[in-house]
Visitor: 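Got a structure for you, questions after.
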Amino acid sequence: MPLNEPAAIAAAARELAGRFPGTVSLAEERRREFETDFGRWRFRLPAAVARCRSAAEVAAVIRACRELGLPVVSRSQGHTQSGQSLTSGVLLDTSRMNRILAVDEGRGFADCEAGVVWRDLVEATTARGLVPPVLTNNLAVTVSGTTSVAGLGVASFRHGTQADQALEIECVTGEGEVVVCSRERERELFDMVRCSLGQIAAITRVRTRLRETAPRVRQYTLVYDDLGRFMADAAQVMDPANPAFSTLGGLCSPAPMGFRRIGEGLELGRGMIGYGVWLFPMYLTVEYRPGEEPDDAALLAPLSPWRHVQTQDLTVFEFARRMEPMFEAWRLSGYWEQPHPWMEVVLPWAAAREYVESVLANLPPGALGPGGHVLLWPARTDTSAAPLFVHPGGDIVLGWGVLGSVPPARHAEMLAQLDLASELAIAYGGKRYLSGYVTFDSPERWAAHFGPAWPRLCAAKRRYDPDGLLGAEFIRFP
Ligand SMILES: Cc1cc2nc3c(=O)[nH]c(=O)nc-3n(C[C@H](O)[C@H](O)[C@H](O)COP(=O)(O)OP(=O)(O)OC[C@H]3O[C@@H](n4cnc5c(N)ncnc54)[C@H](O)[C@@H]3O)c2cc1C
């Protein structure tokens with residue numbers, strides 16, 4: 001059992017630092033860097049930070065932590081949002097392990113150390129006409145961070161999750177053993193290390209698939225004034241018999257209409273509340289080579305949006321980075337530095353419309369703060385075979401995310417509303433996506449989340465991390 005008493009952890013951390021000078025730091029300044037995550041509402045100060053440079057060093061640190069009874073949490077860029085990468089024990093920082101070891105153009109893969117950020121990989125591969133099949137909206141996250149969660153993107157309806165793109169993973173188990181696993185070798189570890197949030201092993205290298213790409217992307221922005229029509233068109237776009245579009249994404253976007261009466265007087269939230277009309281932008285892309293521009297009219301003819309508002313051409317690398325201007329705006333407005341308890345769920349297709357419409361009906365425009373937004377993410381389920389990426393089943397599903405941030409005074413209220421929205425989504429048959437605001441606090445809640453995969457995950461935990469050293473107490477095992 002790992003230590004959990006702060007004085008005992010501090011003493012063991014001093015011993016660890018003595019054994020690994022230059023790698024393990026007790027400096028308060030360094031530890032404070034890792035006290036919180038992108039969520040910025042949960043805080044845990046690590047007792048020590050181990051900044052490792054190789055799998056051998058990770059293994060040596062984990063073996064020593066095991067001997068000393070120190071809990072260990074792997075951390076990449078900390079873009080998770082409810083303490084998934086926080087610990088009061090030893091924080092294993094793999095950000096220095098950031099070399100792209102190889103790009104194999106012939107066999108279509110890249111070998112990346114754990115801390116490689118997707119942006120660097122995309123820059124290296126698009127220059128050679130290759131691209132990772134799935135990219136998340138934020139390219140500043142790492143190959144190990146998203147392989148450990150899942151990694152969903154606008155191409156997931158064609159290619160699944162980023163975890164599905166892993167061909168081989170080198171990792172260090174809770175026993176401090178370096179193991180290389182794949183679909184052909186150490187299959188159980190390969191299946192259980194993906195999407196298990198660092199609970200089974202620390203990933204040190206990922207071999208990830210690449211696919212060929214044309215150099216340019218044409219992006220269409222369509223707008224729907226009806227979620228049902230958005231979903232009907234999304235289902236057409238996702239039909240494997242119709243491979244025209246390479247990416248599909250969407251938003252729920254409020255057009256504010258003013259304030260309406262809900263009670264006596266004019267006080268906001270008691271007498272009056274903001275209201276609006278929800279619109280549903282859909283973003284579609286087609287890849288093309290110069291001189292072979294797509295036929296816009298023919299491509300869009302089967303679809304029935306309210307309006308087609310924009311067509312633009314980008315390079316593949318620009319398209320992958322398309323959110324950077326928005327993130328820059330968030331930094332300028334202060335949104336980036338605020339707490340962000342984001343809540344994402346994968347909904348069964350048949351129930352999705354009713355659920356989304358009922359939540360939006362109670363979400364006044366502006367309620368999510370400046371920069372807040374609501375994502376729509378239609379996807380197919382047969383594109384993913386990662387056993388721990390949990391979804392509700394059926395052929396198609398709707399990913400939905402409410403990504404807000406509010407001032408501290410309204411924070412508790414927002415968390416309560418997110419809890420309600422999360423419980424309602426689960427009641428509708430939805431499965432939570434685990435990077436955001438997740439507060440499952442008992443083995444029973446986790447068992448319900450993972451369903452049939454839970455016994456397998458528990459067995460893998462016992463086998464690969466017998467002392468329960470790894471992970472941020474995030475997933476509660478029995
Ligand atoms: C602005 C923004 C946009 C986003 N957009 C998307 C999106 O489009 N799609 C999507 O799927 N997600 C999205 N996310 C969520 C993000 O992709 C995930 O939270 C991702 O896991 C973060 O990666 P990271 O490198 O920051 O990992 P961290 O947050 O540091 O870690 C994530 C988890 O993996 C574990 N972990 C980290 N490194 C290792 C390792 N080496 N070995 C084993 N376990 C490890 C951690 O313990 C933690 O449980 C977004 C987040 C932000 C802030």
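Start at 1 and go down the list; that is how both ligands and their atoms are numbered.
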Visitor: May I ask you to identify, for Thr142, whether its side chain, its backbone, both or neither come under 4.0 Å of ligand 1 on a heavy-atom basis?
Guide: both

Visitor: Looking at Arg119 and Glu324, does any basic side-chain N land under 4.0 Å from a carboxylate oxygen?
Guide: yes

Visitor: Got an N/O contact under 3.5 Å between Gln81 and ligand 1?
Guide: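 Looking only at distances, the answer is no, because the N/O contact criterion of under 3.5 Å is not met.
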
Visitor: Run the side-chain contact (heavy atoms from CB on, under 4.5 Å) test on Phe43 and Leu86 for me, step by step, so that the C-alpha distance in whole Å, both residues' side-chain angles and the decisive distance to 0.1 Å come before the verdict.
Guide: CA-CA 7 Å; Phe43 295 82; Leu86 305 181; 5.8 Å; no

Visitor: Any idea which protein heavy atom is nearest atom 7 (C) of ligand 1, and the distance to it?
Guide: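 The closest heavy atom on the protein side is Thr136 CB, 3.4 Å.
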
Visitor: Is Glu35 salt-bridged to Arg31, cutoff N-O under 4.0 Å?
Guide: no

Visitor: For atom 23 (O) of ligand 1, which candidate among Asp37, Val141, Val143, Thr161 holds the nearest heavy atom?
Guide: Val141

Visitor: Using a plain distance cutoff, I'd like to know if Gln84 has any nitrogen or oxygen under 3.5 Å from a nitrogen or oxygen of ligand 1.
Guide: yes

Visitor: Looking at atom 24 (P) of ligand 1, what's its closest protein heavy atom, distance included?
Guide: Gln77 N, 3.6 Å

Visitor: So is Phe38 polar-close to ligand 1, meaning N/O to N/O under 3.5 Å?
Guide: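 Checking ligand 1 against Phe38, no N or O pair falls under 3.5 Å apart.
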
Visitor: Relative to Phe34, does Arg30 satisfy both conditions: NZ or CZ under 6.0 angstrom from the six-membered ring centre, and within 45 degrees of the ring's axis?
Guide: no

Visitor: Quick one: is the NZ or CZ of Arg322 closer than 6.0 Å to the six-membered ring centre of Phe319, and within 45° of its axis?
Guide: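 Relative to the ring axis of Phe319, which defines the angle, Arg322 lies inside both limits.
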
Visitor: Starting from atom 8 (O) of ligand 1, find the nearest protein heavy-atom neighbour and note its residue, name and distance.
Guide: Asn137 N, 2.7 Å

Visitor: Between the side chain of Arg194 and the main-chain N/O of Gln162, is any donor-acceptor distance below 3.5 Å?
Guide: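 Not confirmed, Arg194 side chain does not pair with Gln162 backbone.
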
Visitor: How far is atom 18 (C) of ligand 1 from its nearest protein heavy atom, and which residue and atom name does that atom have?
Guide: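 Here the nearest protein heavy atom works out to Ser435 CB, 3.8 Å.
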
Visitor: Using heavy atoms and a threshold below 4.0 Å, how should the contact between Ser74 and ligand 1 be classified: side chain, backbone, both, or neither?
Guide: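 The answer is both.
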
Visitor: What do you reckon, does Trp342 put a non-hydrogen atom under 4.0 Å from ligand 1?
Guide: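 Yes.
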
Visitor: Of the protein's non-hydrogen atoms, which lies at the shortest distance from atom 42 (N) of ligand 1, and what is that distance?
Guide: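 The closest heavy atom on the protein side is Ile203 N, 2.7 Å.
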
Visitor: Which residue and non-hydrogen atom of the protein lie closest to atom 26 (O) of ligand 1, and at what distance in Å?
Guide: His79 N, 2.9 Å

Visitor: For atom 43 (C) of ligand 1, which candidate among Cys52, Ser144, Ala201 holds the nearest heavy atom?
Guide: Ala201

Visitor: Which atoms of ligand 1 are found less than 4.0 Å from any heavy atom of Phe327?
Guide: 1 (C)

Visitor: With a 4.0 Å cut-off on N to O distance, would you call Arg445 and Asp441 a salt bridge?
Guide: no

Visitor: So that I can tick it off, tell me whether Glu113 and Arg96 are bridged by a salt bridge, with the cut-off set at under 4.0 angstrom between side-chain N and carboxylate O.
Guide: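 Salt bridge between Arg96 and Glu113, a charged N being under 4.0 Å from a carboxylate O: no.
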
Visitor: Return all side-chain donor-acceptor pairs below 3.5 angstrom for residues 336-343, not counting sequence neighbours, or 'none' if the list is empty.
Guide:
| from | atom 1 | to | atom 2 | distance (Å) |
| --- | --- | --- | --- | --- |
| Gln338 | OE1 | Ser405 | OG | 2.7 |
| His340 | ND1 | Phe38 | O | 2.6 |
| His340 | ND1 | Gln338 | O | 3.0 |
| His340 | NE2 | Tyr335 | O | 2.8 |
| His340 | NE2 | Trp336 | O | 3.2 |
| His340 | NE2 | Gln338 | O | 3.2 |
| Trp342 | NE1 | Tyr335 | OH | 3.3 |
| Trp342 | NE1 | Gly404 | O | 3.4 |

Visitor: Leu152 heavy atoms, cut-off 4.0 Å: which ligand 1 atoms fall inside?
Guide: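 Ligand 1 atoms under the 4.0 Å threshold to Leu152: 7 (C), 8 (O), 9 (N), 10 (C), 11 (O).
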
Visitor: Are the charged groups of Glu33 and Arg51 less than 4.0 angstrom apart, N to O?
Guide: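 Arg51 and Glu33: salt-bridged.
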
Visitor: Between Phe477 and Trp454, is the ring centroid distance below 6.0 Å?
Guide: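 Yes, close enough.
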
Visitor: So, Thr208 and Gln165: side-chain donor and acceptor under 3.5 Å apart, yes or no?
Guide: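 Note: Thr208 and Gln165 side chains miss the donor-acceptor criterion.
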
Visitor: Side chain, backbone, both or neither: which part of Tyr433 comes within less than 4.0 Å of ligand 1 when only heavy atoms are counted?
Guide: side chain

Visitor: Would you say Gly145 has any N or O atom under 3.5 Å from an N or O of ligand 1, going by distance alone?
Guide: yes

Visitor: For the 3.5 Å polar cut-off, considering only N or O atoms, please tell me whether Trp336 and ligand 1 meet it.
Guide: no

Visitor: Say you draw a straight line from CG of Leu92 to OG1 of Thr23; how long is it, rounded to the nearest 0.5 Å?
Guide: 10.5 Å

Visitor: Flag Gly78 as yes when one of its N or O atoms lies below 3.5 Å from any N or O atom of ligand 1, and as no otherwise.
Guide: yes

Visitor: For Trp377, which part has a heavy atom under 4.0 Å from ligand 1: side chain, backbone, both, or neither?
Guide: side chain

Visitor: Check this for me, if you would: do Asp111 and Arg207 make a salt bridge, where the nitrogen-to-carboxylate-oxygen distance has to be below 4.0 angstrom?
Guide: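 Salt bridge between Asp111 and Arg207, a charged N being under 4.0 Å from a carboxylate O: yes.
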
Visitor: In a check of side chain to side chain contact (heavy atoms under 4.5 Å, CB included) between Pro392 and each of Val346, Ile426, Leu347, which one passes?
Guide: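 It is Val346; the other options fail the test.
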
Visitor: Give the numbers and elements of all ligand 1 atoms closer than 4.0 Å to a heavy atom of Ala202.
Guide: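 In order of numbering, the contacting atoms are 42 (N), 43 (C).
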
Visitor: Which heavy atom of the protein is the closest neighbour of atom 33 (C) of ligand 1, given with residue, atom name and distance?
Guide: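 Answer for atom 33 (C) of ligand 1: Val149 CG2, 3.9 Å.
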
Visitor: Taking atom 31 (O) of ligand 1 as the point of reference, which of Thr80, Val116, Val72 owns the nearest heavy atom?
Guide: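 Closest candidate by heavy-atom distance is Thr80.
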
Visitor: Any protein heavy atom at under 4.0 Å, with atom 38 (N) of ligand 1 as the reference point?
Guide: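 Given the 4.0 Å cut-off, atom 38 (N) of ligand 1 counts as touching protein heavy atoms.
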
Visitor: For atom 52 (C) of ligand 1, what is the closest protein heavy atom, and at what distance to 0.1 Å?
Guide: Asn138 ND2, 3.5 Å

